[in-house]
Amino acid sequence: MEIKVACVIFQLLVFTYFVQNSVGKNLLVSYWGQNSAGVAYPDNPEDELDQICQERQYDVIVIAFVVTFFSTVNKDLMPEVNFANHCYEPVSSDYPKLYGCPEIESGIKACQKVGTKVLISLGGATGYNVLDDQKADILAQNLWDLFLEGTGQEDIRPFGSAILDGIDLDIEDHLSGGYAQLVKKLRELEATGTKPYLMTGAPQCPYPDLSLGPGSGTALEEQGDKFDHLYVQFYNNYCYPGDPTSFNLDTWLQFAAVTQAEYGSGPKIFVGLPAATGGSGDPKYYMTPEEVSDLYQNIQTMNNSDYFGGFMLWDAAWDQQNTIAGQMYSDYIADIISGETPTTPGISSTASGGTTVPTTAATTQTTSGFSSTVPPTVGPDFCDDKEDGFYADPTDPSGYIRCVGGITYFAECPDGLVWVEEELSCDYPQ
């Protein structure tokens, strides 16, 4: 009993240290786990998690993704996961798409040992499941048992004895039902555990986000005060920092300010950026270190800047390819957050070996998921005469289209996967 109490106290002290040292300090967050630059750079795959935490200055790492919430191929409808080349061995024959990942398990523990928080993200740019409140409660319990402190599924935990530091919602299907209840239930389960957890979300920058809100029935409307971070995706959308007339960070900061004023708690707002030109659907969304430095200085002068949390990068794989004057892109961003000014005049973003980072969107998996900006080969009128739902992209086997109210949204399957019309999901070609 004394040992258990000591462990609980230690965990609370570590989390309190993280929170206290985060006050007034902006953080650097990166997604990891999709090897999203792997098609463009097959000889330089995404580093493993333990190496990432040894060599980079991320404060938070978000593992991507839990891609399906209730899998029809897994026993008991347990979730499906996808960690690209990092892990693909099933925990057992009963759970062919729930993987056991001992190397990620050890990586999580190594990261936590040096103070890096590690989360698991739900969703991404794939077809998952529609939630209602009842399903949300079941999913919350499964997440608690599989990734957090729950003990109901110890034999099939993907990361074994490693206990993650929170849950991220990267929901991009423009369907908001159930996520408010999911957040509520996760916080209720947290209250039964021994340590605090981070609750984060990754909305698109158009306000309100069509999945998370805020708006009637959405997670940010009903449970906005329960979120710690929002990693707003300011890329692959019209409201990116390079368009000052549309960049709407002030709107998101105002949401955070109002939420905290009303409830006494709420999220910090992060500016999500691609870590290389290839990390988004168009090179215009990428910002050089000098441009990020200017942006950071401007943010300090904005109203409600106290609610700015830092920068989120998509993702560790593209960061790895984007070496500038001997430093990775994230090193420059970390220096900017620390108050240093980057000095790389005249140096353009290049990958290891000096080649320009490819910008072809077809080889890129991004967290942006659905974008109302469609490629020229698929006209914006594609969905004019179609019912709401998912459709194959006739020009790209890895692409698919979501029709919502007659609007055409284009998306890409993760690298190495193709769209399967019969299953309405992404899967391996074989």
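The figures here come from the full heavy-atom set of this structure, side chains too, leaving out hydrogens, waters and symmetry mates. Residues take their numbers from the sequence shown, with the count starting at 1.
Side chain of E80 to backbone of T72: no donor-acceptor contact under 3.5 angstrom is found. Judged by distance alone, with hydrogens and angles left aside, the side-chain atoms of T116 form no donor-acceptor pair with the main-chain N or O of C53 at under 3.5 Å. Of the possible polar contacts, none joining the E46 side chain to the A37 backbone as a donor-acceptor pair under 3.5 Å is found. Using modelled atom types, no side-chain atom of Y332 and backbone atom of V292 make a donor-acceptor pair closer than 3.5 Å. The backbone N or O of V73 lies less than 3.5 Å from a partner atom in the side chain of S71, making a donor-acceptor pair. The main-chain N or O of A316 is found under 3.5 Å from a side-chain atom of S30 such that the two form a donor-acceptor pair. Of the possible donor and acceptor atoms, one in the side chain of Q34 sits under 3.5 Å from a partner among the backbone N and O of A64. No donor-acceptor pair closer than 3.5 Å links the side chain of D165 to the backbone N or O of L119. Proximity of a side-chain donor or acceptor of D393 to a complementary backbone N or O of I401 within less than 3.5 Å is not detected. Side-chain atoms of D319 never come within 3.5 Å of backbone atoms of A275 as a donor-acceptor pair (strictly under, hydrogens ignored).
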Exercise for the section: Quick one: do Q320 and N44 satisfy side-chain hydrogen bond (donor to acceptor under 3.5 Å, both in side chains)? Show the steps, please. Expected result: CA-CA 9 Å; Q320 185 171 317; N44 188 22; 3.0 Å; yes
Exercise for the section: Go through the steps for V271 and F311 under the test side-chain contact (heavy atoms from CB on, under 4.5 Å), then give the verdict. Expected result: CA-CA 5 Å; V271 172; F311 292 98; 3.9 Å; yes
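With 3.5 Å as the limit, one finds no donor-acceptor pair spanning the side chains of D50 and Q54. Counting only N and O atoms by type, the side chains of S161 and E105 include a donor and acceptor under 3.5 Å apart.
Applying the side-chain contact (heavy atoms from CB on, under 4.5 Å) criterion to P45, with sequence neighbours excluded, gives N35, N85. With sequence neighbours excluded, the residues that form a side-chain contact (heavy atoms from CB on, under 4.5 Å) with D137 are Q181, K185. By the side-chain contact (heavy atoms from CB on, under 4.5 Å) test, E154 is found to be paired with T151, residues two or more places apart in sequence or in another chain being considered. Applying the ring pair (Phe, Tyr, Trp, His ring centres under 6.0 Å) rule to Y95 yields no partners; only residues at least two apart in sequence or on another chain are considered. Residues passing the side-chain hydrogen bond (donor to acceptor under 3.5 Å, both in side chains) test with E190 are R187, sequence neighbours excluded.
The minimum heavy-atom distance between L182 and L131, with the atom names listed, is CD2-CD1, 4.5 Å. Nearest heavy-atom pair across R157 and A162 is NH2-O, 2.9 Å. In terms of heavy atoms, S176 sits closest to T218 at CB-CG2, 3.8 Å. Between N236 and G281, the shortest heavy-atom contact is OD1-N, 2.7 Å. In terms of heavy atoms, H229 sits closest to F270 at CG-CE1, 3.5 Å. Across all non-hydrogen atoms, the minimal contact from D228 to Y197 is OD2-O, 3.5 Å.
Atom CD of E55 is surrounded by more than 12 heavy atoms from other residues, nucleotides or ligands within 6.0 Å. Within a 6.0 Å radius of NZ in K109, other residues, nucleotides and ligands contribute more than 12 heavy atoms. Environment of CD in Q300: crowded, with over 12 heavy atoms of neighbouring residues, nucleotides or ligands closer than 6.0 Å.
The salt bridge (Lys or Arg N to Asp or Glu O under 4.0 Å) test with R56 is passed by exactly one of D331, D47, D315: D47. When each of Y88, W32, F159 is checked for a ring-ring contact (aromatic ring centres under 6.0 Å, His included) with F83, only F159 meets the rule.
You'll find the side chain of P241 reaches within 4.5 Å of the side chain of L273, heavy atoms only. Residues L146 and V81 form no side-chain contact, since every pair of their non-hydrogen atoms from C-beta on lies 4.5 Å or further apart. A heavy-atom distance below 4.5 Å is not found between the side chains of Y286 and W318. When side chains are defined from C-beta on, I156 does not count as touching K75, because their heavy atoms never get closer than 4.5 Å.
The OH atom of Y240 sits 7.5 Å away from the CG atom of D282 when rounded to the nearest 0.5 Å. A distance of 11.5 Å separates CH2 of W144 from CD of E188, quoted to the nearest 0.5 Å. Expressed to the nearest 0.5 Å, how far CD1 of I63 lies from CG of D168 amounts to 11.5 Å.
Residues W314 and Y231 keep their aromatic ring centres 6.0 Å or farther apart.
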Considering only distance and modelled atom types, tabulate donor-acceptor pairs under 3.5 Å from the side chains of residues 249-263, sequence neighbours left out.
unit_1 : atom_1 : unit_2 : atom_2 : d
W252   : NE1    : C205   : O      : 2.9
Q254   : OE1    : N304   : ND2    : 2.9
T259   : OG1    : F255   : O      : 2.8
Q260   : NE2    : G266   : O      : 3.4
Q260   : NE2    : P267   : O      : 3.4

